[in-house]
Undergrad: 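I have a structure here, written as C-alpha cells, and I will follow up with some questions on it.
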Amino acid sequence: MSRAARSSRGSSALRFGRFASMGTVAALILIAGVWASWGTAQHAMLTKGRERGTVAVTSCGATTCTGPYTPLSPGSQPRPEVELENSVAVEKGGTYTVVLKPGGTDAVRSGPAGILYAWVPLGGALLLASVVVAGGLLRTRMAWVMAVAGAALLTAAFVAV
C-alpha cells in the first residue's frame, strides 16, 4: 500500500474522530441546557391543573424571597408564606404572578417573563454549543443560527424580566 493511501485513511479517521467527539460535546451541552431549564420551565409553561396566584414579596434572603400567596385559580388556597427564587427578576415590594410547585410552598414565576427566564440556561447552552459547532465541527452557518437563537432568547428574557 502506498504512503499516500495510508495517510489518506489516517486523516479520514481523525476527521471522523473529531466530528464524533465534537458532536458529542455539543449535544451534551445542549442536553444539559434543556435539563437545567426544564425543572422550572415545566411549571411555568404547563399551568393547567396547578395552583396559580400572586405573591407580594415582603422579604428577601440570600437565595429566596418570601411573601403571602393570593390564589387566582379555582381550588387554590391562600397561604401566609411561599418561597420564590431570589434573582434579578424579583425584588422586595413587588407582586408577581406565580405557579406553585406541587406538594410544597415553592413558587415559580409564570407568564411570558417566567417562561423566558426559565429557559435562560438553554440560551447560554446554545451560545456555548455554537462555539463548539463552529470550531470543532466547522459548521459555521449552523453555529451562527445557534448563536443568534441563544442571544435572542437571552435578550428576550432580559427585556421581559
Side-chain angles (χ1 to χ4, degrees), residues 1-53 55 57 60-66 73 82-91 94 96-161:
M1 182 176 289
S2 73
R3 184 179 216 164
R6 276 185 277 154
S7 175
S8 172
R9 241 186 327 173
S11 69
S12 294
L14 287 176
R15 268 188 265 136
F16 177 76
R18 184 189 70 204
F19 183 80
S21 63
M22 290 295 109
T24 301
V25 169
L28 286 174
I29 291 170
L30 291 174
I31 290 168
V34 170
W35 186 270
S37 297
W38 185 247
T40 304
Q42 66 177 324
H43 301 292
M45 293 172 58
L46 307 173
T47 61
K48 187 173 183 180
R50 298 183 195 253
E51 293 185 73
R52 296 181 306 262
V55 172
V57 176
C60 287
T63 58
T64 60
C65 291
T66 58
S73 63
V82 295
E83 293 182 354
L84 190 60
E85 179 185 345
N86 185 6
S87 66
V88 295
V90 178
E91 56 188 34
Y96 305 98
T97 58
V98 296
V99 175
L100 294 181
K101 290 184 178 180
T105 60
D106 291 336
V108 174
R109 284 195 63 182
S110 61
I115 292 170
L116 287 170
Y117 185 71
W119 287 106
V120 164
L122 177 62
L126 281 166
L127 285 174
L128 183 59
S130 71
V131 174
V132 174
V133 169
L137 298 177
L138 303 176
R139 304 284 189 250
T140 54
R141 285 185 186 155
M142 184 187 303
W144 274 108
V145 168
M146 292 170 67
V148 168
L153 178 57
L154 293 174
T155 302
F158 178 78
V159 169
V161 170

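All values below come from the heavy atoms of this structure, side chains included, with hydrogens, waters and symmetry mates left out.
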Undergrad: Determine yes or no for a side-chain-to-main-chain donor-acceptor pair under 3.5 angstrom, with Ser37 supplying the side chain and Leu122 the backbone.
TA: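 A pair under 3.5 Å: yes.
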
Undergrad: Got more than 12 heavy atoms from elsewhere within 6.0 Å of CE, Met45?
TA: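 Yes, the 6.0 Å shell around CE holds more than 12 heavy atoms from other groups.
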
Undergrad: Mind checking what makes side chain to side chain contact (heavy atoms under 4.5 Å, CB included) contact with Ala157, not counting sequence neighbours?
TA: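 By the side chain to side chain contact (heavy atoms under 4.5 Å, CB included) rule, Ala157 matches Leu116, Val120.
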
Undergrad: Tell me every residue that passes side chain to side chain donor-acceptor pair (under 3.5 Å) with Thr66, counting only those two or more places apart in sequence or in another chain.
TA: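 Only Ser59 meet the side chain to side chain donor-acceptor pair (under 3.5 Å) criterion with Thr66.
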
Undergrad: Apply side-chain contact (heavy atoms from CB on, under 4.5 Å) to the pair Val98 and Val82, showing each step before the final yes or no.
TA: CA-CA 10 Å; Val98 296; Val82 295; 5.6 Å; no

Undergrad: Does any pair with a residue in residues 96-111 pass side chain to side chain donor-acceptor pair (under 3.5 Å), and if so which ones, sequence neighbours excluded?
TA: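 Passing the test, one end in residues 96-111: Thr97-Ser110.
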
Undergrad: Where do Ala44 and Val108 come nearest, in terms of heavy atoms and distance?
TA: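 Shortest heavy-atom contact: CB-CG1, 4.2 Å.
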
Undergrad: Throw together a table of side-chain donor-acceptor distances under 3.5 angstrom for residues 17-36, partners on residues two or more places apart or in other chains.
TA:
{"unit_1": "Arg18", "atom_1": "NE", "unit_2": "Gly136", "atom_2": "O", "d": "3.1"}
{"unit_1": "Ser21", "atom_1": "OG", "unit_2": "Gly17", "atom_2": "O", "d": "3.0"}
{"unit_1": "Ser21", "atom_1": "OG", "unit_2": "Arg18", "atom_2": "O", "d": "3.2"}
{"unit_1": "Thr24", "atom_1": "OG1", "unit_2": "Ala20", "atom_2": "O", "d": "2.7"}

Undergrad: Going by the salt bridge (Lys or Arg N to Asp or Glu O under 4.0 Å) test, which pairs reach into residues 36-53, not counting sequence neighbours?
TA: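 Qualifying pairs, neighbours excluded: Glu51-Arg79.
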
Undergrad: Quick one: closest heavy-atom pair of Leu100 and Ala107, and the distance?
TA: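 Closest pair (atom of Leu100, atom of Ala107, distance): CD2-CB, 3.8 Å.
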
Undergrad: If I compare all heavy atoms of Thr64 with all of Glu83, which pair ends up nearest, and what's the gap?
TA: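 Nearest heavy atoms, Thr64 then Glu83: CG2-OE1, 4.1 Å.
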
Undergrad: Restricting to pairs with a member in residues 127-144, which pass side chain to side chain donor-acceptor pair (under 3.5 Å), not counting sequence neighbours?
TA: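 Applying side chain to side chain donor-acceptor pair (under 3.5 Å) to every pair that reaches into residues 127-144, excluding sequence neighbours, yields nothing.
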
Undergrad: So, for Glu91 and Cys60, which heavy atoms are closest and what is the spacing to 0.1 Å?
TA: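 So the two residues come closest at C-SG, 4.5 Å.
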
Undergrad: Measure the CE-CG distance between Met146 and Leu128 for me, rounded to the nearest 0.5 Å.
TA: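 So the gap between those two atoms works out to 9.0 Å.
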
Undergrad: Working to the nearest 0.5 Å, report the span between CZ of Phe158 and OH of Tyr117.
TA: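 Interatomic distance, Phe158 CZ to Tyr117 OH, rounded to 0.5 Å: 12.5 Å.
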
Undergrad: What pair of heavy atoms forms the shortest contact from Leu127 to Ala147, and how long is it?
TA: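 Closest approach of Leu127 to Ala147, heavy atoms only: CD2-O, 3.4 Å.
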
